[in-house]
Student: 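Take this structure first; my questions come after.
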2 protein chains.
Amino acid sequence: MMDKRKQKKLEAAGWKVGNAEDFLELTQVESDYISLKIALSRHLKTRRQSLRLTQKDFAGMIHSSQSRVAKMEAGDPGVTLDLLVKSLLTLKTPIEDIEKMLP
Amino acid sequence: MMDKRKQKKLEAAGWKVGNAEDFLELTQVESDYISLKIALSRHLKTRRQSLRLTQKDFAGMIHSSQSRVAKMEAGDPGVTLDLLVKSLLTLKTPIEDIEKMLP
DNA sequence: GTTGAACATGTCAAATTTGATATAAATTGA
DNA sequence: TCAATTTATATCAAATTTGACATGTTCAAC
């Protein structure tokens, strides 16, 4: 997105292209956070499928809705880690497995 | 997730809520979830302290407030895993990089 | 014991997330 | 093919979480 060429161009034009550390660090955190969520999403989907549960059935188990389960598994940005983790715990995912993925 | 909405509906309709299986199962999930949050809270506090950061300084790094950091470290129920995880990820940054960010 | 810095606790409007609902798209099995 | 089941996507009011702030408590240095 922000490649070196573009950055040089902007700097040449007199723009300050952000404090590099801030930029990189926040991006890294966001990136790691998203990766974590995607990993949990995949685990969830795999686990649900291996238990032959439909999204609807599983939604019932966690007192939620099919559409929310679909969003969880799609890695939708508007789904919290809390919901993903509680879902995995409901499917009896060993807590150690979850911890291994967390920072 | 855990039932408040449905529970209110049922109670309003005159039901005593608490199917034993549901209760036990959800409690186990809740229990594991809380344990996980407490573990992360402790981890966060330890890591922050080992970096000699005050709560206020760290709050600045994650664009939050001292009081919220205190709540995170106290394992406050009203703090999400998302916030805890992002905080821990922020502290994963090499110490030298963090020092550069301080006043 | 006074002072000041660090931390804890309570409150709140604003922002985000939630389950529910509707409906479209995809998959499955005859 | 085609109907039934399953999954994806969009929307929304209600619930929860957020950072900010105010204020109280703890603790160390003097």
Side-chain angles (χ1 to χ4, degrees), chain A residues 22 26 29-30 33-34 36-38 40-91, chain B residues 1-13 17 22 25-26 29-30 33-34 36-38 40-91 98 102-103:
Chain A
D22 262 11
L26 292 176
V29 169
E30 264 304 308
Y33 167 74
I34 291 169
L36 174 58
K37 277 178 48 168
I38 290 176
L40 293 176
S41 294
R42 294 211 172 116
H43 267 238
L44 178 64
K45 181 164 195 171
T46 298
R47 191 145 181 92
R48 176 184 63 79
Q49 286 176 332
S50 77
L51 293 173
R52 323 262 136 140
L53 291 167
T54 65
Q55 289 182 345
K56 195 179 165 206
D57 289 339
F58 177 56
M61 293 173 65
I62 61 172
H63 312 289
S64 182
S65 61
Q66 178 269 323
S67 63
R68 188 134 296 271
V69 172
K71 275 163 191 154
M72 282 192 234
E73 292 182 354
D76 187 297
V79 170
T80 58
L81 283 179
D82 299 71
L83 190 56
L84 282 167
V85 165
K86 282 180 182 174
S87 296
L88 284 167
L89 288 173
T90 298
L91 291 187
Chain B
M1 173 163 182
M2 302 313 158
D3 262 8
K4 265 180 214 158
R5 192 192 317 267
K6 200 165 268 180
Q7 185 170 331
K8 275 198 174 178
K9 248 188 184 170
L10 289 170
E11 284 171 349
V17 170
D22 261 14
E25 194 209 348
L26 293 177
V29 168
E30 266 301 309
Y33 166 74
I34 291 170
L36 184 56
K37 275 176 52 166
I38 290 177
L40 293 178
S41 293
R42 295 213 173 112
H43 195 179
L44 177 66
K45 182 165 194 170
T46 298
R47 203 158 341 190
R48 176 184 62 80
Q49 287 176 331
S50 78
L51 292 172
R52 323 268 138 155
L53 292 166
T54 66
Q55 288 183 345
K56 195 179 165 206
D57 288 339
F58 177 57
M61 292 172 65
I62 60 172
H63 310 290
S64 183
S65 60
Q66 178 268 324
S67 63
R68 189 133 295 270
V69 172
K71 275 160 192 157
M72 282 192 234
E73 293 182 352
D76 188 296
V79 170
T80 58
L81 280 178
D82 299 71
L83 191 56
L84 282 167
V85 164
K86 282 181 181 171
S87 297
L88 283 167
L89 288 173
T90 299
L91 289 188
I98 290 174
L102 299 180

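Quick note on labels: first sequence line is chain A, next is B, and so on, each numbered from 1.
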Student: Between A:Lys86 (side chain) and B:Tyr33 (backbone), is there a donor-acceptor pair under 3.5 Å?
Tutor: no
Student: Could you state the CD-P distance from B:Gln66 to C:dG4, rounded to the nearest angstrom?
Tutor: 18 Å
Student: With a 4.0 Å cutoff (strictly under), does any side-chain N or O of A:Thr80 reach OP1 or OP2 of C:dT18?
Tutor: yes
Student: Could you state the atom-to-atom distance from CG of B:Leu44 to C1' of C:dA8 in whole Å?
Tutor: 15 Å
Student: Between C:dT9 atom P and B:Met72 atom CE, what is the distance in whole Å?
Tutor: 15 Å
Student: What is the distance from atom OG of B:Ser65 to atom NZ of B:Lys56, rounded to the nearest 0.5 Å?
Tutor: 12.0 Å
Student: Rounded to the Å, how far apart are A:Asp76 CG and C:dG19 P?
Tutor: 12 Å
Student: Which is more 5' along DNA chain D, the nucleotide nearest A:Gln49 or the one nearest B:Ser67? Just name the residue.
Tutor: A:Gln49
Student: Do the side chains of A:Glu73 and A:Arg42 get close enough for a salt bridge, i.e. N-O under 4.0 angstrom?
Tutor: no
Student: Taking OP1 and OP2 of D:dT5, is either one under 4.0 Å from a side-chain nitrogen or oxygen of A:Arg52?
Tutor: no
Student: Test B:Phe58 against every option in B:Arg48, B:Gln49, B:Gln66 by the side chain to side chain contact (heavy atoms under 4.5 Å, CB included) rule and name the one that passes.
Tutor: B:Arg48
Student: Donor-acceptor pair, distance only, cut-off 3.5 Å: does the side chain of B:Asp82 make one with the backbone of A:Leu81?
Tutor: yes
Student: Between atom CZ in B:Phe58 and atom P in C:dA6, what is the gap in whole Å?
Tutor: 16 Å
Student: Does a side-chain N or O from A:Lys56 land closer than 4.0 Å to OP1 or OP2 of C:dG19, or not?
Tutor: no
Student: Send over the distance from B:Arg68 CZ to C:dA13 C1', rounded to a whole Å.
Tutor: 13 Å
Student: Check every atom of C:dA6, D:dT7, D:dG19 against the side chain of B:Thr54 and return the nucleotide holding the closest atom.
Tutor: C:dA6
Student: Within the structure, does a side-chain N or O atom of B:Lys45 lie under 4.0 Å from either OP1 or OP2 of C:dA8?
Tutor: yes
Student: Which of these nucleotides, C:dG19, D:dG19, D:dA8, is closest to any side-chain atom of A:Ser65?
Tutor: C:dG19
Student: Within this structure, what is the CG-to-P distance between B:Asp82 and C:dA15, rounded to whole angstrom?
Tutor: 19 Å
Student: Pick base, sugar-phosphate or nothing for B:Lys71, based on heavy-atom distances below 4.0 Å to the nucleic acid.
Tutor: base
Student: Can you tell me how far C1' of D:dT16 sits from CG of B:Leu81, to the nearest Å?
Tutor: 14 Å
Student: Between the axis at one end of the helix from C:dG1-D:dC30 to C:dA30-D:dT1 and the axis at the other (five pairs apiece), what's the angle to 10 degrees?
Tutor: 60°
Student: Using atom types as modelled and distance alone, determine if a side-chain donor or acceptor of A:Lys45 lies under 3.5 Å from a backbone N or O of A:Ala74.
Tutor: no
Student: Is the backbone N or O of A:Met72 less than 3.5 Å from a side-chain atom of A:Ser41, with the two atoms forming a donor-acceptor pair by type?
Tutor: yes
Student: NA contact type, A:Val79, heavy-atom cut-off 4.0 Å: base, sugar-phosphate, or nothing?
Tutor: sugar-phosphate
